[in-house]
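Everything numeric here is computed off the predicted structure, so don't read it as measured data.
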Amino acid sequence: MFAITPEPIDVAAVRSAVVDPGFGAILVFEGIARDDFEGRRVLQLAYEGYAEMAVPVMEAIAAEMMARWPCRVAMVHRVGEVPITEPSVVIAVGAPHRAECYEASRYAINGLKARVPVWKKEIYEDGSAWKANAPAE
Amino acid sequence: MPKVTVRWFAVLREWRGVDAEEVEITSGETAGALYRRLIPPGPQGALPVAYARNLEYVSASTALEDGDEVAFLPPLGGG
C-alpha cells in the first residue's frame, strides 16, 4: 500500500498491509502534525504532494528496502490540512525480527523525507512558511 | 516548437500563480536552463530545486523533449 491521500490515514489499514505469518516484528511509524516549530506556535499545517511521482518514489524506496532486508513496507502520506495531533504520514514495516525491522523503518522514513515529493506549509499567528526537511538523522 | 508541461508545487506554485502550464522549449533545452528561464535569478532563483522529468528525478543537465512533463521541486517537507 503506497498512497497520497487527502483523507485521514487509516493506521490499522496501513499496518494490515505488512502482516505476514513469517514476520515476528511490525513497526508502525506515525509522523504527527505538531503545534510548535522552533518556538513559533503553529496554528495549522497543510501538506501538498506531487502524487503521480510520490507513489512511484515510495515504491522505489520499498524495493530498495526489500533488497536489503527481508521485509514488507506500506506508506501513506496525507495532503491538505492535517489537524495538530493527527498523523501526516504512516509507515508500517514488517520483518522476521526486530533488528532489521528497526533498521528498515528508519530507512523508510529517512528516504521518504529526502525523496518523496511532498511539501509542508506552516501557518502561524503572524504569517506562514514552507518548511524544508533537515538532512537525514 | 517542442512543448513541455511544467508542474509547479508549493512555494514555486505560489510564485508562478498556476499549478501547471504548457511551455515552448528550444531544441535540446535542459531542465536547468528551462528553470532559469522561467524563474530568473534573484531571491527566487536562489531556491535549490530538484528536477523531475516524466515523474523521475533527473539532473539539471538533462535535455527535455517534446511532450515531457517537467517539475521543479522545491526543498521537500514531507514526513
Which answer fits A/Ala114, side chain, backbone, both or neither, if we ask what part of it has an atom under 4.5 Å from a heavy atom of chain B? backbone

Are A/Glu64 and A/Tyr107 linked by a side-chain donor-acceptor pair shorter than 3.5 Å? yes

Best-contacting candidate, A/Glu48, A/His77, A/Met75, against chain B by heavy atom pairs under 4.5 angstrom: A/Glu48

Chain B contact via A/Lys121 - side chain, backbone, both or neither, heavy atoms under 4.5 Å: side chain

Once you round to the nearest 0.5 Å, how far does CZ of A/Arg41 lie from CG of A/Asp35? 5.5 Å

Near-ring test A/Tyr47/A/Trp119, centroid separation under 6.0 angstrom: no

Can you tell which part of A/Val90 gets under 4.5 Å to a heavy atom of chain B, answering side chain, backbone, both or neither? neither

With a 4.5 angstrom heavy-atom cut-off, which part of A/Tyr50 approaches chain B: side chain, backbone, both or neither? both

Just checking, any donor-acceptor pair under 3.5 angstrom between side chains of B/Glu14 and B/Trp8? no

Once you measure the plane-to-plane angle for B/Phe72 and B/Tyr35, does it fall in the parallel (<30°), tilted (30-60°) or perpendicular (>60°) bin? tilted

